[in-house]
Undergrad: 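Could you have a look at this structure, given as structure tokens, before my questions?
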Amino acid sequence: MHVRGTVAGEVDVRSVSTSYGESDLAEVPLRPADDAPNGDAAATRGDGGTATIADGRETTTVTLWNKWTESAELLEPGMELLVTNAKEEEYQGETQYATTGESYVVVEPSFLVSVTSIRNWVECPRLYYLNKLSGVPLNYPVVKGTLVHEVFGDLLRGRDLEEAIDARVEERGLQLGLLGETADAVAEDVRENATAIEGWLQQGRLDEAEDVWRSEQLLISETFGIRGRADAVRRGAPVELKTGKNLKKEPRFKDKVQAACYALLLEEHGGDVDIGTLLYTKNSVLDRNEETGDLDPAKEFTMGEGLLKYVVRLRNEIAAKETSGDIPTGYEADAKCEYCFEQDTCMVVSGRLDQESKAGQIGQPLPDEELEYFDRFYRAIEEERREVHREYAKLWEQTAEERADDDRALIDLEFVEKRPLDEGRWELRARNTGGANSKLREGDLVLASDGDPVRGDSELARIERLDDEIVITADEPVEVTRLDVYPSELTTDRLLVAMHDALLKGNERRKDVLFGRADPEFAEIGEEFIDNNDRQNEAVTKAVGAEDCALIHGPPGTGKTYTIARAIRAMVERGERVLLSAFTNRAVDNALEALLEQLEDVIDEDRVVRVGSESGIRDDMEPYRLERAGDPDDRVEKLQNAQVVAATTSTCGSRVMKEQAFDVALVDEAAQLTEPGTCAAINLAERFVLVGDHEQLPPVVRAENDLTESLFERLVDRYPEAGVMLDRQYRMNQRIQVFASNEFYDGRLRPATPEVAARNLDDLDGVSRDALPENLRDPVSFVDVEGDRSQYTDSEEAARIAELVERYEAAGVERTDIGVIAPFRAQVSEISTHVPDDVAVDTVDRFQGSSQEVIIVSFTATGSLEGPIFEDYRRINVALTRPKRALVLVGDSQALATDPVYERMLEWARG
DNA sequence: TCTCTGCGGAGAGGA
């Protein structure tokens, strides 16, 4: 049976004499989990499922024997523990448990450690840490290795060798170009490695008629807490490809460990594996090993239980280290620093961050405030990472229905067909019969499965089309009936690297400014850029003249996008190379659109490049998108030649963008970015300009932590003189603007012109306010609805809103000029069923950045204003500043009056 | 269950 629970106290480790001699044991006080994660999980396990211990609350004792005491030493109270194949023992009337010869002990099993992490860790825990902290830079051996692996996968799927090489090299044109490689030379290099594999494969095919292969299988183990992607699986056993030479008789130890990880993963998927194969591509007859006579690129080895258990213990070390937040030192393993490629990096990082390491330290530690900063943000980012891990755990902890309710999965799809594609991949089609929604979008990477993403047949796939019929592409033909969001650590990885680069690679002057040690400086600029708006002109002047940074505070409707575009034009005219960035693709494209207008006669169109994925970029910006595939020289020239590059901050952290350098980085919607997120963009430039509004929505983070305040806000507070607030708005009727101006901008926000101040619905073609009921004729009105008292929806408000929409339509307002805003997604869908399709209904968060003629706000609160969503007043600011000509607030006045800010809002709305 | 966008998935290798 499996025993699972929470460590409930101190672990006692000691040696005892047994009939077999001296043995180590650890006694772990454990509070068993109430139940198996869910009924399904327990029922599908071969051994009869997780133990449900009689009294689910009481603490019991689990004894871990011999080598498992190593994992026991890692345990801290509160950690989760899983022991498989445990035996039950009665001791002094109490039921206790102990490991058996078949047992595995898993620390924090829901923390899914990747196979790469384990492979790095076994070499040196420090290597694992450095890889996480500073990323793997763009270098040729790595890119070549990736190419050889891709071609290997292609060969397994039956693709022609030459065709595969050409196609794969072409796909990586941009990266190869940045490395200064030519397509022919790379193709030759890849061919040399791939030919050995092809020969070996053919030999195998002749020997074994039923050689069953599967390429690049994604595997997740809920028992061992490991995930990874096997290069290939042959007759149920892992095959691991290595680009390079190994003339020794045995595979390298870390390669064995890697293969053993896959063996464990395959075991959980019904395999029973004790053979692993390593393919060293450069081994050939020419390199015949004198001693062994070995010429085959393939080395087979037997994986004993000892190795598999060792791998789980390694994995436990990582899980425990990540849970505690400690930094590895390198003493944890037998690594020899003098042979390590990362020795210098290791010494520099430990020197600068004042960490203990086996390699020793180089250089002086960073100042205390920087060390404190690193520590704070490292913890915050790692907390975000744990949230991603929790997302993984939900793949097996939640039922399909719960996942679907969470919008994390599309379930009960009807499989339609599979069609082989030329490259050996597959196109799969399924019908979404229920027409259900999810957060999945076209272009997303998903787990496509036959209904069970973890234990069933599942593949990593890409969504090509998402209508009633769903089209996805994948390496293997899964009979897909379910799609799950695939949780990715990419964002957290990049945040960590961005912070590392800012502190360890950033120049000193920049850090002086970021840490409040030096005030930002500005050069004199004599030019006038904008002649009809002093603040906008001042903002451009500051942006252009900034020697360190400038901050532009742009409240709703104040022409922030235009100001950015004008500033960038001025920079381009001065011959500078500019990076334009923002958190979302939408914000980047909006800013780029305005910029293109400004740049029309200033530079050639092909000197403006948009970097990002095809699915993320708006269709009309597609002509500017930098295609990654192509001839290396051509691709790299296109990028290097660009004077303006636009990309999301996340893309700024990619390996390609990290190679780029700019004079200025301009970051829009900067108040929605975390500090490390902002760093990803500004790391690439000498100077930076942040544009945003910290009175609107803050960054979205999963965990409560230091990431919630933006760098923009912090710098605006620290250096008010480096900032300019745009104060004239071009959007709202004056009556609409009053509340937000007083409440959020000290009354400083005002209409840009008398026309703006006076705008109302009568200005619109075919609209007459007289046709509206009297209570809606004023630009701001309040409709009191008692509400249905449910928590995240309100059908009465929804019904009333449908009526209001009809009234405005009757008065001549176009449906497309009306927007409805609600705090909760549940209420958004409730309202959507009541109003016509062409009325935009969305959450506050998604309305930020846009505006409408008429806005109706549903507060969805009865009785009281409980819940975090109402506590953040910035959300009301966003909601109330979307309309141009009319705003209607719909809600329960009694509930709203319980909060002073909402009460003032009520007074204002009632006129 | 409060809001939710990004990502070239993980792993690729150098002696």
Side-chain angles (χ1 to χ4, degrees), chain A residues 114-117 119-120 131 136 138-150 171-172 174-175 216 218-219 227-231 240-246 252 254-255 258 281 338-342 402 405-408 439 441 443-447 459-462 474-475 485-495 582-588 612-616 628 647-656 669 672-673 677 680 697-702 791-792 822-828 842-848 860 866-872 874-875 878:
Chain A
S114 76
V115 174
T116 315
S117 298
R119 177 185 155 91
N120 284 335
N131 223 318
V136 178
L138 193 62
N139 62 8
Y140 181 62
V142 171
V143 175
K144 183 180 78 178
T146 308
L147 282 167
V148 172
H149 276 75
E150 286 171 344
E171 270 171 27
R172 277 180 198 273
L174 178 57
Q175 282 188 350
E216 300 188 49
L218 178 79
L219 297 155
R227 69 169 198 273
R229 201 159 140 149
D231 285 344
E240 195 37 49
L241 183 70
K242 295 291 154 203
T243 309
K245 228 179 257 216
N246 176 6
R252 275 186 286 260
K254 61 181 175 185
D255 297 343
Q258 191 175 2
T281 59
E338 58 269 37
Y339 301 146
C340 180
F341 286 94
E342 301 294 349
E402 284 167 344
D405 286 347
D406 257 7
D407 293 335
R408 299 298 162 126
K439 73 188 289 283
R441 313 238 172 101
D444 280 0
L445 209 62
V446 290
L447 267 176
E459 271 290 312
L460 207 49
R462 191 170 295 282
D475 284 346
V485 171
Y486 185 71
S488 169
E489 288 180 60
L490 194 76
T491 307
T492 33
D493 284 341
R494 286 186 179 172
L495 290 181
F583 179 55
T584 63
N585 277 306
R586 197 179 59 176
V588 172
S613 65
E614 198 180 344
S615 56
R628 282 192 292 245
T648 59
T649 48
S650 183
T651 297
C652 288
S654 68
R655 281 193 294 190
V656 162
E669 308 273 18
Q672 279 190 80
L673 275 164
L697 295 174
V700 172
V701 291
R702 291 175 215 257
Q791 205 178 1
Y792 299 116
F824 309 112
R825 286 219 305 202
Q827 178 70 348
V828 166
D842 226 323
T843 55
V844 185
D845 300 61
R846 286 209 264 212
F847 250 104
Q848 175 152 331
T860 327
E866 267 171 36
I869 202 142
F870 296 105
E871 280 166 21
D872 196 335
R874 290 174 285 196
R875 220 168 238 109
V878 175

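A quick note: this is a predicted structure, and the numbers were derived from the prediction, not measured. Letters A, B, ... mirror the listed sequences (proteins, then strands); counts begin at 1.
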Undergrad: Pick the closest DNA chain B nucleotide for A:Val142 and for A:Lys254 by heavy atoms, then say which residue is nearer the 5' end.
TA: A:Val142

Undergrad: What are the 5'-most and 3'-most nucleotides of DNA chain B lying under 4.0 Å from any heavy atom of chain A?
TA: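 Nucleotide range with atoms under 4.0 Å of chain A: B:dT1 to B:dA15.
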
Undergrad: When you compare B:dA12 with B:dG8, how far apart are their C1' atoms, in angstrom units rounded to a whole number?
TA: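 That atom pair is separated by 12 Å.
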
Undergrad: What does A:Arg408 touch in the nucleic acid at a heavy-atom separation under 4.0 angstrom: a base, only the sugar-phosphate, or nothing?
TA: nothing

Undergrad: Have a look at A:Asp872 and say if it touches a base, only the backbone sugar-phosphate, or nothing, with a 4.0 Å heavy-atom cut-off.
TA: nothing

Undergrad: Roughly how far, to the nearest 0.5 Å, is the CG atom of A:Asp845 from the CZ atom of A:Arg875?
TA: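 Separation between the atoms: 4.5 Å.
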
Undergrad: Need one value for A:Thr651: base, sugar-phosphate or nothing, where a base atom within 4.0 Å counts as base even if backbone is also close, heavy atoms only.
TA: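 Since only primed, P, OP1 and OP2 atoms lie under 4.0 Å of A:Thr651, the category is sugar-phosphate.
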
Undergrad: At 4.0 Å (heavy atoms only), tell me whether A:Lys144 reaches a base, stays on the sugar-phosphate, or touches nothing.
TA: nothing

Undergrad: Which part of the nucleic acid does A:Tyr486 contact within heavy-atom distance under 4.0 Å: base, sugar-phosphate only, or nothing?
TA: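 Sugar-phosphate, backbone atoms only, no base.
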
Undergrad: Under 4.0 Å, counting only non-hydrogen atoms across every strand here, what does A:Val136 touch: a base, just sugar-phosphate, or nothing?
TA: base

Undergrad: Go through A:Thr243 and A:Leu147 one step at a time and tell me if the side chain to side chain contact (heavy atoms under 4.5 Å, CB included) criterion holds.
TA: CA-CA 10 Å; A:Thr243 309; A:Leu147 282 167; over 6 Å; no

Undergrad: Could you check A:Ser613 against A:Thr146 and say which one's nearest nucleotide on DNA chain B is further toward the 5' end?
TA: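 Going by which nucleotide is closer to the 5' end, it is A:Ser613.
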
Undergrad: Could you check whether A:Arg252 gets within reach of a base, just the sugar-phosphate, or nothing at all, counting any heavy atom under 4.0 Å?
TA: base

Undergrad: Could you give the distance from NZ (A:Lys242) to NE2 (A:His149), rounded to the nearest 0.5 Å?
TA: 5.5 Å

Undergrad: How is A:Asp405 classified with respect to the nucleic acid when contacts are heavy atoms under 4.0 Å: base, sugar-phosphate, or nothing?
TA: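 Base, at least one base heavy atom under 4.0 Å.
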
Undergrad: Is A:Thr243 touching bases, backbone alone, or none of the nucleic acid, heavy atoms closer than 4.0 Å?
TA: sugar-phosphate

Undergrad: Taking atom CZ of A:Arg846 and atom CG of A:Leu697, what is their separation to the nearest 0.5 Å?
TA: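 The CZ atom of A:Arg846 sits 13.0 Å away from the CG atom of A:Leu697.
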
Undergrad: Mind checking if A:Arg462 touches a base, just sugar-phosphate, or nothing, with heavy atoms under 4.0 Å?
TA: nothing

Undergrad: Please round to the nearest 0.5 Å and tell me the distance separating atom CZ of A:Arg655 and atom CZ of A:Arg494.
TA: 9.0 Å

Undergrad: Remember a base hit wins even if backbone is also touched, and classify A:Gln175 as base, sugar-phosphate or nothing at under 4.0 Å, heavy atoms.
TA: nothing

Undergrad: At under 4.0 Å between heavy atoms, what does A:Glu342 touch on the DNA or RNA strands: base, sugar-phosphate, or nothing?
TA: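 If one applies the 4.0 Å heavy-atom cut-off, A:Glu342 turns out to touch a base.
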
Undergrad: Tell me what A:Arg119 touches on the nucleic acid: a base, only sugar-phosphate, or nothing, going by heavy atoms under 4.0 Å.
TA: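 No contact at all - A:Arg119 keeps every heavy atom at 4.0 Å or more from the nucleic acid.
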
Undergrad: Categorize A:Phe824 for me: base, sugar-phosphate, or nothing, with a 4.0 angstrom heavy-atom threshold over every strand shown.
TA: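 Counting heavy atoms under 4.0 Å across all strands, the contact made by A:Phe824 is with sugar-phosphate only.
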
Undergrad: If you look at every heavy atom in A:Leu241 and A:Asp231, which pair is closest and at what distance?
TA: N-OD2, 2.8 Å

Undergrad: Got a salt bridge between A:Arg227 and A:Glu489, using NZ or NE/NH1/NH2 to carboxylate O under 4.0 Å?
TA: yes

